[in-house]
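Order of the sequence lines sets the chain letters (A, B, ...), proteins ahead of strands, with each chain counted from 1.
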Amino acid sequence: MALFRIFASLFLLLFMLPSAGVYEFLGSLPDDFYLPPPGPMMLFDGFPSVTIFRILHGLLIVALLFLLVGFKTKMISILTGILLLCINGFVYSLGKIDHDILIAVVPFVMAFSSWEQAYSVDSYNKQASEYNAQSWTLVLLALILGFMMFTAGFPKILGGWLDIQTQAAEGHFFKQYFVRGRQDLLAAWALNISNNVWEILDYATVFLEVGFLAAILKPQSTRIFICLAVLFHFCTMMILNIAFLPNFLVYAAFLNWDWINQSLKKYKSNLAPIILSGLMVIVYGVIQMLENFVTFRSDLTMAAVCLVSIGMIIAIYHLSKQMVQWSKRRLKSGGAQ
Amino acid sequence: MQPKIVKRIFIIFIILLPLQYAVVGIVGVMKSEPWPAFVFPAFKSVFSSQENITVDQARFFVENKENDTLTEISPEVIFKGIKKSQLQGFLRSHFSDSLHIATFNDETKMWLNNRLNRQYPSLNSNILQIQWSKEVFHPTAPTVTVDTIKITNQFTLHLSSE
């Protein structure tokens with residue numbers, strides 16, 4: 001999980017931090033516009049100043065850098081989660097919540113995973129025997145993710161998504177296309193999708209979201225459902241131009257980081273974190289370059305498009321591998337008979 | 001961490017997750033969705049293929065008293081800096097109700113006036129008109145266009161004490 005720690009800190013640092021413009025705007029807002037959702041944000045009377053936002057942002061960057069190198073990792077992981085909640089809490093006090101709490105949950109939960117066991121400053125100060133990898137943290141993340149997916153799917157059943165007389169995904173597509181101006185990528189093509197296909201998408205969405213809670217009972221099915229979720233997000237991004245990029249941090253927790261570590265070690269032992277960091281910085285650089293050539297009319301970002309697409313490739317690879325393994329097992333058991 | 005503690009953590013979460021979901025549902029109906037919460041957006045609304053799709057849309061205008069004209073301005077430009085995914089929610093929360101707008105204090109009006117002058121310096125007006133309408137789309141038409149627009153609410157906000 002040490003490699004995941006490095007991935008998570010760079011993912012947050014390079015792709016998930018709010019832009020400076022958001023703080024300038026929030027810090028200038030009068031208190032009349034402060035509409036906190038029910039919860040801890042009601043303890044405040046208004047938005048803090050731009051200076052306070054910059055301090056919080058600076059602290060978050062420092063925390064993420066400490067997380068990257070693995071210094072005081074447990075405390076820093078928890079602090080990272082708190083800072084993310086704090087900053088996002090003020091953003092959502094504008095009057096609308098974005099459901100990306102998982103980017104704060106991941107560092108909180110992983111603080112207890114011993115993800116500083118390797119490739120970290122902390123690991124130089126401690127004996128390897130003092131660490132005990134805590135795999136229950138991944139199970140907890142799976143439980144939280146599965147439940148949250150269920151909360152997305154269950155209301156859909158009550159709302160009539162499974163009724164063949166109604167159209168749900170299609171209706172949301174029209175709203176996004178005509179009202180929100182989300183007309184990039186394959187959105188225009190999606191105007192030609194037939195009602196039958198939309199109905200299949202309605203059923204597939206409900207099955208994926210509700211079924212997630214059952215899938216988390218086994219690691220193999222958890223991974224399969226995560227891959228299906230990635231494909232779902234890719235389709236949503238292409239058609240509705242909504243990327244759900246924050247979810248990808250928790251999905252990445254379930255990659256086979258042991259296999260990734262061994263694969264990177266084949267090239268250069270002990271340089272696995274450098275190679276991973278280098279790859280992420282290269283991806284960041286390519287995204288920055290592409291942003292000069294491609295602009296979107298919607299609120300899609302090049303980072304979201306690239307990262308979700310990379311996730312899609314990994315998901316297809318994993319699902320294909322699972323199908324090959326399953327076929328081989330079937331042939332073997334068929335041959336044995 | 002000791003297995004006993006891990007077991008307790010899981011028991012707490014297995015109880016807490018559905019409990020907080022129930023709280024989210026109740027508080028969401030009484031006031032608005034609480035935060036933070038372990039929920040994803042449901043997108044639960046559906047439309048029948050026999051019906052139209054109706055969406056609420058906000059439009060902002062600046063009133064020119066000298067020649068009695070209205071010039072449409074973009075909320076995206078006025079509120080530049082807000083995330084696009086937040087904008088509609090922000091407009092619904094703060095600009096959909098004339099009673100709520102009437103509570104804006106002088107600081108808020110000055111802020112809006114400054115934003116207006118900064119983003120639209122040539123317009124030189126301090127009267128904002130906000131119009132909410134229901135736009136109806138026919139999903140079964142060969143080309144999907146706005147079928148009807150019905151203005152549901154309209155109010156004026158004077159941004160200075162002149």
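Proximity to chain B involves both the backbone and the side chain of A/Leu29, based on heavy atoms less than 4.5 angstrom apart. For A/Thr137, no part lies near chain B; criterion is any non-hydrogen pair under 4.5 Å. Interface remark: A/Asp202 contributes no atoms to any contact with chain B (heavy atom separation under 4.5 Å). Interface residue A/Pro40: backbone and side-chain heavy atoms are both found under 4.5 Å from chain B. At a 4.5 Å heavy-atom cutoff, the contact between A/Val91 and chain B is made by backbone and side-chain atoms alike. Contact of A/Met42 with chain B is made through the side chain alone, with heavy-atom distances under 4.5 Å. Contact of B/Lys83 with chain A is made through the side chain alone, with heavy-atom distances under 4.5 Å. Both the backbone and the side chain of A/Leu140 come within less than 4.5 Å of a heavy atom in chain B. Within the 4.5 angstrom heavy-atom criterion, atoms from both the backbone and the side chain of B/Gln86 approach chain A. Heavy atoms closer than 4.5 Å to chain B are found nowhere in A/Tyr23, neither backbone nor side chain.
Between chain A and the residues B/His94, B/Met110, B/Glu107, the most heavy-atom pairs under 4.5 angstrom are made by B/His94. When each of B/Val27, B/Asn114, B/Ile82 is checked for heavy-atom pairs under 4.5 Å with chain A, B/Ile82 comes out on top. Options B/Gln88, B/Arg115, B/Arg92 differ in how many heavy-atom pairs under 4.5 Å they form with chain A, and the most are formed by B/Gln88. The candidate from A/Leu158, A/Leu26, A/Leu145, A/Val139 with the greatest count of non-hydrogen atom pairs under 4.5 Å with chain B is A/Val139. The candidate from A/Ser28, A/Gly160, A/Gly21 with the greatest count of non-hydrogen atom pairs under 4.5 Å with chain B is A/Ser28.
Put simply, the side chain of B/Val39 does not reach to within 4.5 Å of the side chain of A/Met148, judged on heavy atoms. For the pair A/Phe33/B/Phe104, a side-chain contact is recorded, criterion being any heavy-atom separation below 4.5 Å from C-beta on. No side-chain heavy atom of B/Phe90 sits under 4.5 Å from any side-chain heavy atom of A/Leu35. With a 4.5 Å cut-off on side-chain heavy atoms, B/Glu33 and A/Tyr92 do not count as touching. By the 4.5 Å heavy-atom criterion applied to side chains, A/Trp136 and B/Phe10 are counted as neighbours. Residues B/Trp35 and A/Pro38 have side chains not in contact (no heavy-atom distance under 4.5 Å, counting atoms from C-beta outward).
Here A/Lys175 contributes atom NZ and B/Asp56 contributes atom CG; the two are 8.5 Å apart, rounded to the nearest 0.5 Å. Separating the CG atom in B/Leu87 from the CG atom in A/Leu94 is a distance of 10.0 Å, to the nearest 0.5 Å. Once rounded to the nearest 0.5 Å, the distance linking NE2 of B/His100 with CG of A/Asp32 reads 7.0 Å.
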Subject >> Working for side-chain contact (heavy atoms from CB on, under 4.5 Å), residues B/Phe40 and A/Asn247 >> reply: CA-CA 10 Å; B/Phe40 276 149; A/Asn247 286 15; 3.6 Å; yes
Original post:
Does the pair A/Leu143 and B/Phe38 meet the rule for a side-chain contact (heavy atoms from CB on, under 4.5 Å), with working shown?
Top reply: CA-CA 11 Å; A/Leu143 173 63; B/Phe38 295 108; over 6 Å; no
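Of all non-hydrogen atoms in B/Ser93 and A/Gly95, the two that sit nearest each other are OG-O, 3.1 Å. Minimum heavy-atom separation, B/Pro34 to A/Ile97: O-CD1, 4.0 Å.
A side-chain hydrogen bond (donor to acceptor under 3.5 Å, both in side chains) check over residues 146-158 of chain A, counting only residues at least two apart or in different chains, returns the pairs A/Lys156-A/Glu209.
Scored by the side chain to side chain contact (heavy atoms under 4.5 Å, CB included) test, A/Phe108 finds A/Ile78, A/Ile82, A/Leu85 as partners (sequence neighbours excluded). A/Tyr177 is linked by a side chain to side chain donor-acceptor pair (under 3.5 Å) to nothing, counting only residues two or more places apart in sequence or in another chain.
For A/Asn192, the CG atom is densely surrounded, since the number of other residues' heavy atoms within 6.0 Å is greater than 12. Remark: A/Phe154 CZ is loosely packed, at most 12 non-hydrogen atoms of other residues, nucleotides or ligands lying under 6.0 Å away. Atom CD of B/Glu72 has more than 12 neighbouring heavy atoms from other residues, nucleotides or ligands inside a 6.0 Å radius.
Residues of residues 15-23 of chain B that come within less than 4.5 angstrom of chain A, heavy atom to heavy atom, are B/Leu17, B/Pro18, B/Gln20, B/Tyr21 in numerical order.
Using modelled atom types, one finds a donor on one side chain and an acceptor on the other under 3.5 Å when comparing B/Ser85 with A/Asp98.
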